[in-house]
Novice: 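Okay, handing you the structure first.
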Protein chains: 2
Amino acid sequence: MSTSPPSGAYHHGDLHRALLEAAARLLIANGAAALTLREVARAAGVSHNAPYRHFASRQALLAELATEGFDRLRRRLDDVAPLTEERVRALGRAYLRFAVEERPYFLLMFGGEIEKSAFPALANAALTAYAILEGAVEAEGGRDPGEALRAWALVHGLAHLVVERQIPPEAAFAALG
Amino acid sequence: MSTSPPSGAYHHGDLHRALLEAAARLLIANGAAALTLREVARAAGVSHNAPYRHFASRQALLAELATEGFDRLRRRLDDVAPLTEERVRALGRAYLRFAVEERPYFLLMFGGEIEKSAFPALANAALTAYAILEGAVEAEGGRDPGEALRAWALVHGLAHLVVERQIPPEAAFAALG
DNA sequence: ACCTGAACACCGTTCAAGT
DNA sequence: ACCTGAACACCGTTCAAGT
């Protein structure tokens with residue numbers, strides 16, 4: 001009925017989205033290191049180089065997945081009620097919960113496999129998510145600018161240690177109080 | 001003069017060591033993701049599958065490099081003087097300095113590319129390094145066991161954010177005070 | 001024992017066609 | 001425009017020989 005199909009449309013619908021969804025399933029199943037472009041194409045039912053119509057490279061596809069991860073993290077942080085009291089701790093718990101529940105995304109986002117500077121949208125999504133944490137710490141009477149960074153680093157450190165299986169999730173949640 | 005050559009000796013000397021040294025150079029030059037076994041073999045001047053005499057797999061070689069990384073980290077922490085005062089902060093600075101100066105190792109050690117549980121020597125080296133931090137925090141009047149974990153997580157979080165280029169090294173050092 | 005060459009089943013990426 | 005098949009230059013890993 002609409003006069004023009006959505007951009008990126010192909011005979012199956014929206015290949016760009018279909019590829020991303022297939023990639024997300026593979027990421028969750030096997031992790032980023034095992035994610036191959038050819039398998040993504042197979043899962044989407046297209047030839048092994050059809051993805052190049054939509055992604056410049058394997059790195060670019062991973063960067064889009066990581067960007068999606070930061071968007072999800074941001075959404076979780078946005079959902080934390082602005083109690084002003086306890087808000088920083090609640091944000092910390094939300095960050096930790098994201099790491100535990102979306103481990104493959106967290107590992108991709110911080111795993112060092114993607115050079116963020118090469119993908120502006122990714123760098124931007126990361127900054128947007130962090131801004132929420134910074135804002136909350138500053139609002140909570142943080143005069144020292146280093147305090148926001150310490151709060152973020154503490155939560156990020158706990159999350160990363162959990163995701164790397166160096167400490168159990170319960171210990172991390174307990175450490176947050 | 002000795003009756004037997006060192007185990008693992010071959011016509012060039014010690015291939016195991018030669019392969020590890022070549023791998024370390026490649027790790028530092030290009031990162032773990034780009035490290036291929038075949039290139040390691042070429043750099044060591046042997047055929048592309050000679051490494052299988054010394055390492056069960058590419059993962060196993062990376063695990064040995066990561067173990068070496070944790071040993072280096074431990075040595076740095078061992079070097080921190082036991083001032084009891086200020087000791088925790090000094091250990092934090094040493095940890096951060098390691099992350100900055102040995103970035104490729106740090107990324108490999110915490111990059112999620114190696115499943116630590118599959119390599120006991122690696123898991124052990126990691127625990128040994130952490131025990132130093134825990135001991136210092138506990139010695140410094142830490143009644144709360146969560147305090148040691150928070151101290152470690154803060155330092156680790158700062159180090160990881162630096163290595164991931166999310167914050168500049170100076171900011172991390174400043175946050176440690 | 002230690003090393004080699006050939007082989008297998010993959011990759012990411014490129015290119016010349018096809019519709 | 002979008003997709004395909006063939007091709008290039010690689011991988012990790014295995015195997016049957018060679019010394």
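So you know, we letter chains A, B, ... as the sequences are listed, proteins then strands, and number each from 1.
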Novice: With distance as the sole test, does Arg103(A) use its side chain to make a donor-acceptor pair with the main-chain N or O of Val163(A) at under 3.5 Å?
Specialist: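 Yes, the answer is positive, given that a donor and an acceptor are paired below the 3.5 Å cut-off.
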Novice: Find the partner of dA17(D): check Watson-Crick (N1-N3 plus N6-O4 or O6-N4) and G-U wobble (N1-O2, O6-N3) distances, both under 3.5 Å, and reply none if neither fits.
Specialist: none
Novice: Does a salt bridge link Glu164(B) with Lys116(A), judged by any charged N lying under 4.0 Å from a carboxylate O?
Specialist: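 Salt bridge flag = yes for Lys116(A) with Glu164(B).
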Novice: Find which nucleotide of DNA chain D each of Ala56(B) and Ser47(A) is nearest to by heavy atoms, and output the residue with the more 5' nucleotide.
Specialist: Ser47(A)
Novice: For dA9(D), which nucleotide is its Watson-Crick or G-U wobble mate, given both distances must be under 3.5 Å?
Specialist: none
Novice: Among the nucleotides dT13(D), dC3(C), dG5(C), which one has an atom lying closest to any side-chain atom of Tyr52(B)?
Specialist: dT13(D)
Novice: Looking only at the side chain of Arg38(A) (C-beta and beyond, no hydrogens), which of the listed nucleotides dA7(C), dC11(C), dT4(C) gets closest?
Specialist: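 Looking only at heavy atoms from C-beta outward on Arg38(A), the closest nucleotide is dC11(C).
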Novice: Taking Arg76(B) first and then Glu101(B), would you say they form a salt bridge - that is, a charged N and a carboxylate O separated by under 4.0 Å?
Specialist: yes
Novice: Measuring to OP1 and OP2 of dC3(D), would you say a side-chain N or O of His54(A) lies under 4.0 angstrom away?
Specialist: yes
Novice: In this structure, how many angstroms lie between the P atom of dC3(D) and the NE2 atom of His16(A), rounded?
Specialist: 13 Å
Novice: Leu15(A) side chain: which of dT14(D), dC3(D), dA7(D) is closest?
Specialist: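 Nearest listed nucleotide: dC3(D).
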Novice: Quick one: on DNA chain C, does Ser57(A) or Ala50(B) contact a more 5' nucleotide (nearest heavy atom)?
Specialist: Ala50(B)
Novice: dC11(D) phosphate, OP1 or OP2: any side-chain N/O from Arg42(B) under 4.0 angstrom?
Specialist: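 True: Arg42(B) side-chain N/O within range (under 4.0 Å) of dC11(D) OP1/OP2.
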Novice: Does a salt bridge link Arg72(A) with Glu68(A), judged by any charged N lying under 4.0 Å from a carboxylate O?
Specialist: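 A salt bridge links Arg72(A) with Glu68(A).
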Novice: Does Arg53(A) or Leu37(A) map to a spot on DNA chain C nearer the 5' end, using the closest nucleotide for each?
Specialist: Leu37(A)
Novice: For dC11(D), does OP1 or OP2 lie under 4.0 Å from any side-chain N or O of Thr36(B)?
Specialist: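 Answer is yes, contact under 4.0 Å.
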